[in-house]
2 protein chains.
Amino acid sequence: MNDVLGTKREGPGAEKPGRVTIRTVAADAGVSVSAVSKVLRNAYGVSDSLKARVTASIEKLGYRPNASARGMRGRSYTLGVLLSDIRNPFFSEIMAGINTALTDTPYQPLLGVSNSAIGVEQALIDAMIDRQMDGLVFIAPRMDPVAIDAVARKIPSVVIGLHRPTEELFDTVNNDDVTGAEQVVDYLVSQGHSAIAHMSLDLPPDERQAVPFQREKGYLQAMNRHGLARHIRVVYAEHSPKARQKARELLSAPDRPDAVFCWTDACAFESISAAIELGLRVPDDVAIVGYDNSPPCDLAQNSLTSVDQSGRQLGAETARMLMERIEGRTRAEHFVVEPRLVVRGSTRNA
Amino acid sequence: MNDVLGTKREGPGAEKPGRVTIRTVAADAGVSVSAVSKVLRNAYGVSDSLKARVTASIEKLGYRPNASARGMRGRSYTLGVLLSDIRNPFFSEIMAGINTALTDTPYQPLLGVSNSAIGVEQALIDAMIDRQMDGLVFIAPRMDPVAIDAVARKIPSVVIGLHRPTEELFDTVNNDDVTGAEQVVDYLVSQGHSAIAHMSLDLPPDERQAVPFQREKGYLQAMNRHGLARHIRVVYAEHSPKARQKARELLSAPDRPDAVFCWTDACAFESISAAIELGLRVPDDVAIVGYDNSPPCDLAQNSLTSVDQSGRQLGAETARMLMERIEGRTRAEHFVVEPRLVVRGSTRNA
DNA sequence: CGTTCTACGTAAATCGTTCTACATTTTTTA
DNA sequence: TAAAAAATGTAGAACGATTTACGTAGAACG
């Protein structure tokens, strides 16, 4: 009922059975807790002999620092990754790049999935800040850019898929979407197409920095440059199920385009599906192009011509930049990779 | 240089500017820190008036509890989800189910991605334990089942995709893979097929509880039941790129099967690709069946007959079970959902 | 030989919660 | 109306690390 002898810690060296903490290590190595902490953090003022002793004890006891305790004092060594759509196979390439770049660093990436729901996205960010994450990666966020500013003011952030070349609050990582889209149109024109339609994402009109808008911009520029202004036709659709319906409408219209440039692979797969359902041959009746060059492009049933933007590289750069920011860099960096068109059967007969 | 007035906390109510903690709230509401904590945890002994006052202050100040600090004392309200393969679209259905079930609970799921690498998987688990996660979800883990036992002894765990009906240390969530596989074979036989091959995953021979093994078992049972023992043929392949090669070999052999049952959709998509590359028609020359009924099955270019196991439901059940376990349930629960065959064009002409 | 640096260690405060053990009402019961 | 029980609130000790401020040897210096 009352304090039985032994209920409370008995002297500085004692501890609960089974639980290995920094004091267990200190006791085992015969040094102070602070000394162990120094070794853990590679801090200044540690002799080789002390370091060796402590390291041996850590190894022997299988000690692992408690991340919550660390989080209370500063670093949690955890990076939050905000994934707007787990279904997008391109994003998994990015993740692979991030994971690889973080191997052998003390940082651990943990993902939150928002499914493009803005409310969820904000809640997820709050949850990550509550959890003392050291930094945040946004992958193709849907939320209000102003809200991102607010977050970046609180915590080091890198955003993938948002064009803000003069942003100072956070770093950005992108491919050159305008150029990529132009490449697509240039190529289709070179193949003899002229009635080239574009399928984009249904976005609020103020999101000029968003990826779909940039791709649309490249499409429009190139169409105009080729003197195809009268063939310009942009269709807006939401995500997958709706995209197929829109594609069906587009492809069954009397003035059907002879090529469709879809803003993302997923949309292109839906378009191929719609074409097949309508009895159209790809590419003979209609050529189809996607964006991201995600793994399914390579399947023969898709054989989708697409724009490659090297997700792994983007991911790796992102991880590097975020770590730099956490270590203290304050000037923003904006990384842009050049996209590259990969031609496959959806635009050309084998 | 030395302690300037104001450097240290001045009395219990003072705090660093900008940082809203539980004491800020307590000061604002004119109550004790413990009282606020009680309100936060819905603990016993709080009057309505006190609760109202505290809630108002929390709202007004925009206070959010620090998860690290909570983690130090017990709950971190974070659930770790171990995803063995982020590319698998079926897993994203599971995630959607988990997310939905966790909305309006205090728990936040965070994902770790292992890409089926066993070393990474173990490291990820350690990282999650270091971060004081309240519970763990394993989605189709590849690691040694004995290692899972060790983890489950430390932290409440639910495992999806591991058949252990008598396990007491953790809960499991599955569909009945044996039945599902039997349904596939039964259906193919009813459609007149007999030379039905099976593509499975290349696994160490001791993993009897793993999903691919269960599906193979169902395949074998059904084949035998139909008197098709001499047609039994199982091909083992690793993940995607290798699977296509194996499928190509299988389908270009002189004794080519007239139907292929693939252990998972991804494998089936690769098989369709291989068939097309070889100039074979699906389903006329070869019928193909997958497992999981993931979203791409529905695309016309795949039109893949597949076994549905309702990922959303599995995910929701998982979340429920894990929360129960965290709240104290110790008896294991093993949830099994009945699979259901969804017939599409890959086995039947439209 | 006394003084000043370094290099190496340590003690103790601190981070923001939770939660046990009381203290103080208020209500119920006898 | 006194005693017991229930309801409500508080003080303060954890939790496990980091980090500041210092103490103590030697080494280097004049």
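A quick note: this is a predicted structure, and the numbers were derived from the prediction, not measured. Per chain, numbering begins at 1; letters A, B, ... match sequence-line order.
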Rounding to a whole Å, what distance do you find between [X]:[atom1] and [N]:[atom2]?
X      : N      : atom1 : atom2 : result
B:K38  : D:dT10 : NZ    : C1'   : 9 Å
A:Y77  : D:dT18 : OH    : P     : 7 Å
A:Y44  : C:dC8  : OH    : C1'   : 8 Å
B:R131 : D:dC15 : CZ    : C1'   : 18 Å
B:R73  : C:dT14 : CZ    : P     : 19 Å
B:M72  : D:dA13 : CE    : P     : 16 Å
B:R19  : C:dT14 : CZ    : C1'   : 13 Å
A:Q132 : D:dA17 : CD    : C1'   : 13 Å

Under a plain distance cut-off of 3.5 Å, with no hydrogens placed, do [Y] and [X] share a side-chain donor-acceptor pair?
X      : Y     : value
A:R131 : B:T78 : yes
B:R53  : B:S57 : no
B:Q132 : B:S76 : no

* To do: Using heavy atoms to find the nearest nucleotide of DNA chain D for A:R75 and A:A69 separately, return the residue whose nucleotide is more 5′.
  => A:A69
* To do: Have a look at B:V46 and say if it touches a base, only the backbone sugar-phosphate, or nothing, with a 4.0 Å heavy-atom cut-off.
  => sugar-phosphate
* Asked: So what does B:S34 hit on the nucleic acid, given a heavy-atom distance under 4.0 Å: a base, only sugar-phosphate, or nothing?
  -> base
Any donor and acceptor pair, going by atom type alone, linking the side chain of [X] with main-chain N or O of [Y] inside 3.5 Å?
X      : Y      : result
B:D134 : B:Y77  : yes
B:Q122 : B:M143 : no
A:E121 : A:P141 : no
A:S84  : A:A140 : yes

* **Evaluation steps, side-chain contact (heavy atoms from CB on, under 4.5 Å), between A:V20 and A:R64** => CA-CA 8 Å; A:V20 178; A:R64 298 188 58 100; over 6 Å; no
* **side-chain contact (heavy atoms from CB on, under 4.5 Å) assessment of A:F170 paired with A:L162** => CA-CA 11 Å; A:F170 52 83; A:L162 187 72; 4.2 Å; yes
* Asked: Is DNA chain D part of any stem, that is, at least 3 consecutive Watson-Crick or G-U pairs with both distances under 3.5 Å, and where?
  -> C:1-30 with D:1-30
* Structure fact -> Expected list for residues 58-67 of chain B near DNA chain C, using heavy atoms below 4.0 Å, is B:Y63, B:R64, B:P65, B:N66
Are any of [X]'s side-chain N or O atoms less than 4.0 Å away from OP1 or OP2 of [N]?
X     : N      : result
A:S37 : D:dT18 : yes
B:R41 : C:dC19 : yes
A:S47 : C:dA7  : no

* Selection from D:dT18, C:dT18, D:dG16 that lies nearest to any side-chain heavy atom of A:V33 -> D:dT18
